[in-house]
Protein chains: 2
Amino acid sequence: MDSATAREQALDAAEKLFYGRGIQSVGMDDIRGASGVSLKRLYQLFPAKEQLVEAYLERRDVRWRGQLAAHVERQADPERRILTVFDWLEEWFGETDFRGCAWINSYGELGARSERVADQVRAHKRAFHDYLASLVAGAGLPETLTGQLFLLAEGAMVTAGITGSTRPAAQAREAVRSLLAAR
Amino acid sequence: MDSATAREQALDAAEKLFYGRGIQSVGMDDIRGASGVSLKRLYQLFPAKEQLVEAYLERRDVRWRGQLAAHVERQADPERRILTVFDWLEEWFGETDFRGCAWINSYGELGARSERVADQVRAHKRAFHDYLASLVAGAGLPETLTGQLFLLAEGAMVTAGITGSTRPAAQAREAVRSLLAAR
DNA sequence: ACGGTAGGAGAACGCTCGTTCTCAAGTCAA
DNA sequence: TTGACTTGAGAACGAGCGTTCTCCTACCGT
C-alpha cells in the first residue's frame, strides 16, 4: 500500500469515527483498526493526533462546500438558488449517519483547548457565510440578508443534530421565503 | 461547612470550569481545587463525575430560563416581548466569560457517548422552544413562527459562541422584525 | 480526659490512550 | 545469497484522570 492510499484510508476511517463518535472518544488504535493502516504508518503520515484531526476537518470542509455548491449550481434562477441551499441541508439531515455539523461539534469538544481547531471552525463558517453572501449578491438582494440566512442555516444544523429531525430545514426555508417576500 | 453549602460551592466551581474549558478537560481534582470541597466530600455529594455534570446542566437550565423569563416579563407588549428575547441574548453574548451555549457545547462533547447528557440537552432546547411558543401564542401570532424564532436564536447562540461577537443577536433580531412585519 | 466519628489532604490504584520501541518478516539491490 | 532497509504487529511506556484508600487531625458526647 503506497503512502497516498494509506493516507486516504486513514482519513476515511478518521472521518467516519470522529464524526460519528466524537473526536476525544476515538483513539489512534481505533483508527488503525478501522483503516488497516499500522500505527507506525499513521504516525509517519500524521505526527500527532491533532494533525489527523486537522486533516479530517480540512478534507471534510472541501467536500462539504463542494457538494453544496454543486447542488446549488443546478439551479439557474438566482433567488431559487438561495432556497436550494436549504433543500440540500434537508437532504443532508436525512442521511442515516447524520449527527449534526462536524464543525459545531468539534468546536464544542475542542474549541476551548485547541486554537488550531477553533481557527479551522471559524474559517469553515466564514467560508460558508461568504458563499451565502455571493448568492445574495448574485440575486441582487441586500447584503443584510446574508447574516440572517446564515443564522437560519446554523440554527437548522444545530437543531437537526440535537433532535435528529430533518424538519428544521423546512422551517428555515419557510423563514427564508418570508424574508425574501418581505423585500 | 455543611452539606448544602458544599454542594453549592462544588456546583459553582463545576459550572465555571465545565462551561469555560469544556467538561472532559476538567478533572475532579480541578473541581476540588476551585471549590475547596475535598474529593471525599465531592464523591459523597456526587457519586460519579457524570452526576456532577448532570447537576451542573440542570441548575444552569433553571437559572438560564429564569433569567430570560425575568427579562422578558419586564415588557408588557406581547410583540415586544418576542424581540426582547434577542435583546437578552445580546446582553448574554457580551458577558466576558461567554463561550457559547452550554448545552450545544455539551452535546458536541458528550452527546454521542452519554445518553443522559443528550436527553438533558434535548429537554433544555424543548423547554426553550416551548417558552418561545408561549410568547408567540400570547401575541396572537401563528404557531409556525415559533420554529423560525427558535432557529434564529439557536443560530445566533452558536455563531456568537464561535466568533465571540455579539452581532448575531442584532442580526437575528432584525430577521425577527421582518418576519413579524410580514404578517 | 477519652473513645468514636467525621472530615480533609493527598497518596495510591487501575484504566485509557497518545506515542514510541522491539523484533521479526519481507523487499530489493548488488 | 546477503545485507541494508522498510514495514507491520503489538508490547511497552508515561501521562492524565476517575475513583478509592490511608492516615491523621478535630470535634463530639459522656
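Proteins get letters first, then strands, A, B, ... in listed order; numbering begins at 1 in each. What you see is a predicted model, and the numbers here were worked out from it, not measured in a lab.
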Distance check needed: [N] [atom2] versus [X] [atom1], whole Å only.
X      : N      : atom1 : atom2 : value
A:R41  : D:dG10 : CZ    : P     : 17 Å
B:Q44  : C:dT5  : CD    : P     : 15 Å
A:R113 : D:dG16 : CZ    : C1'   : 10 Å
A:L42  : C:dT20 : CG    : C1'   : 14 Å
A:R32  : C:dC17 : CZ    : P     : 13 Å
A:D29  : D:dG8  : CG    : C1'   : 13 Å
A:Q24  : D:dC17 : CD    : C1'   : 13 Å
B:I31  : D:dC17 : CD1   : C1'   : 13 Å

In terms of side-chain heavy atoms of [X], which of [options] is nearest?
X     : options               : answer
A:A48 : C:dT19, D:dT7, D:dC23 : C:dT19
B:Y43 : D:dT20, D:dA9, C:dG7  : D:dT20
A:M28 : C:dG8, C:dT19, D:dG8  : C:dT19
B:L39 : C:dA11, D:dG8, C:dG7  : C:dA11

Side chain to side chain, B:E95 and B:E91, heavy atoms closer than 4.5 Å |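 Sidechains of B:E91 and B:E95: no contact.
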
Are B:E174 and B:Q171 side-chain neighbours, meaning at least one heavy-atom pair lies under 4.5 Å?
->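 B:E174 does not reach B:Q171 side chain to side chain.
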
Measure the spacing between OH of B:Y131 and CZ of B:F150 and express it to the nearest 0.5 Å.
->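 If we round to the nearest 0.5 Å, B:Y131:OH and B:F150:CZ are 14.5 Å apart.
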
Can a donor-acceptor pair under 3.5 Å be found between the side-chain atoms of B:K49 and the base atoms of D:dG18?
->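 For B:K49, whose side chain was compared with the base of D:dG18, there is no donor-acceptor pair (under 3.5 Å).
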
Looking across every strand, which nucleic acid part, if any, lies under 4.0 Å from B:V26 by heavy atom: base, sugar-phosphate, or nothing?
->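 Here B:V26 touches the backbone only, sparing every base.
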
Indicate yes or no: does B:R32 engage B:D29 in a salt bridge with an N to O separation below 4.0 Å.
->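 Judged by the 4.0 Å cut-off on N to carboxylate O distance, B:R32 and B:D29 do form a salt bridge.
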
Residue whose nearest DNA chain C nucleotide is more 5′ - B:K40 or A:D30 =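 So the residue in question is B:K40.
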
Between A:F128 and A:R65, is there a cation-pi geometry (under 6.0 Å to ring centre, at most 45° from the normal)?
->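 So A:R65 doesn't make the cation-pi contact.
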
